[in-house]
Amino acid sequence: DIQMTQSPSSLSASVGDRVTITCQASQDINNFLNWYQQKPGKAPKLLIYDASNLETGVPSRFSGSGSGTDFTFTINYLLPEDIATYYCQLYDDLISFGGGTRVEIQ
Amino acid sequence: QITLKESGPTLVKPTQTLTLTCTFSGFSFNTSGVGVGWIRQPPGRALEWLAVKYWNDDRRYSPSLRSRLSITKDTSKNQVVLTMSNMDPVDTATYYCAHIPPGSGDAFDIWGQGTMVTVSS
């Protein structure tokens, strides 16, 4: 089974900061990686699919990159409404979620 | 507009079998590439993928839970049903179903609101 390592588990940043979250797969997964945002008490929301494609309606300050085993998710200008937990999700033969990154405002 | 809604018991006893139903609208399982997955989230913890059913009747399960899970679809009722046997208090979680659009790989683009299941005697 392919394992996902997501880091950091939490971070604190200021409004306007650039925030970066990484996910590393234990094997090459091409670009088969998605990113989600989850706010407390809500279902997750798809932000990025296939590593770098922005889901329709998602603000352009969110972006994703990477291929193979190493992937990065970036919020280019952190806003208060971006406070949430972010998850990566790989798909290969099976599906797996990363452990999540809790993003807080300093 | 695609919507999904989970339904089932809110409380089950240890060793019982849980049956959850995902009722959806706005898409058809006859569409090539479509899928529906189940994901759960224990309180305060991370998302955990459980199972997925595809339009072509293929199904996949989490390796760690495969022996306890079964996923089926009823195309005429627009439903996907997940059963999980031998429930334990550690299975207490919010259970979500979610839509996989054609051509997306396995991205869950639309989610249900989730249903909280507590396992307790």
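Reminder, nothing fancy here: chain letters follow the sequence lines and each chain counts from 1.
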Side chains of A/L94 and B/P63 in contact at under 4.5 Å (non-hydrogen atoms) |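 Yes. Closest side-chain heavy atoms under 4.5 Å.
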Looking at side-chain heavy atoms only, is the closest gap between B/L47 and A/Q89 below 4.5 Å?
->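 Heavy-atom side-chain distance check fails, nothing below 4.5 Å.
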Heavy-atom distance under 4.5 Å to chain A: side chain of B/I39, backbone, both or neither?
->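 For B/I39, the contact with chain A is made by the side chain alone.
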Given that the side chain runs from C-beta out, which part of A/N53 has a heavy atom under 4.5 Å from chain B: side chain, backbone, both or neither?
->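 Contact with chain B involves no heavy atom of A/N53 at all.
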With only heavy atoms counted, which part of A/P40 is less than 4.5 Å from chain B, the side chain, the backbone, both or neither?
->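 Answer is neither: A/P40 stays 4.5 Å or more from chain B.
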May I ask you to check whether over 12 heavy atoms, not counting those of A/R18, lie within 6.0 Å of atom CZ?
->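 Atom CZ in A/R18 is not packed in, count stays at 12 or less.
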For B/R45, does the CZ atom sit with more than 12 other heavy atoms under 6.0 Å from it, leaving out its own atoms?
->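 Not buried by this count: 12 neighbours or fewer within 6.0 Å.
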Which of the residues B/E48, B/R60, B/Q113 is involved in the greatest number of heavy-atom pairs with chain A at under 4.5 angstrom?
->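 If we count pairs closer than 4.5 Å to chain A, B/R60 comes out on top.
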Partner chain B: residue of A/F32, A/Y87, A/Y49 with the largest heavy-atom pair count (under 4.5 Å) |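 If we count pairs closer than 4.5 Å to chain B, A/Y87 comes out on top.
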State, to 0.1 Å, how close B/G112 and A/A43 come at their nearest heavy-atom pair, and which atoms those are.
->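 Taking every non-hydrogen atom into account, O-CB, 3.4 Å.
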Closest approach of B/A46 and A/G98, non-hydrogen atoms and distance?
->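 Result for this residue pair: CB-O, 4.2 Å.
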Are [X] and [Y] in one and the same hydrophobic cluster, where Ile, Leu, Val, Met, Phe, Trp and Tyr link if side-chain heavy atoms are under 4.5 Å apart?
X      : Y     : answer
B/W111 : A/V58 : no
B/I2   : B/F24 : yes
B/L50  : A/I2  : no
B/L18  : B/V80 : yes
A/I48  : A/F97 : no

Relative to the ring of A/Y36, is the ring of B/F108 parallel (under 30°), tilted (30 to 60°) or perpendicular (over 60°)?
->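 B/F108 and A/Y36: tilted rings.
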Could you give the distance from OH (B/Y96) to CD (A/Q38), rounded to the nearest 0.5 Å?
->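 It is 5.0 Å, given to the nearest 0.5 Å.
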Nearest-0.5 Å distance that lies between atom CG in B/D106 and atom CD1 in A/I95 =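 Reported value, rounded in 0.5 Å steps: 4.0 Å.
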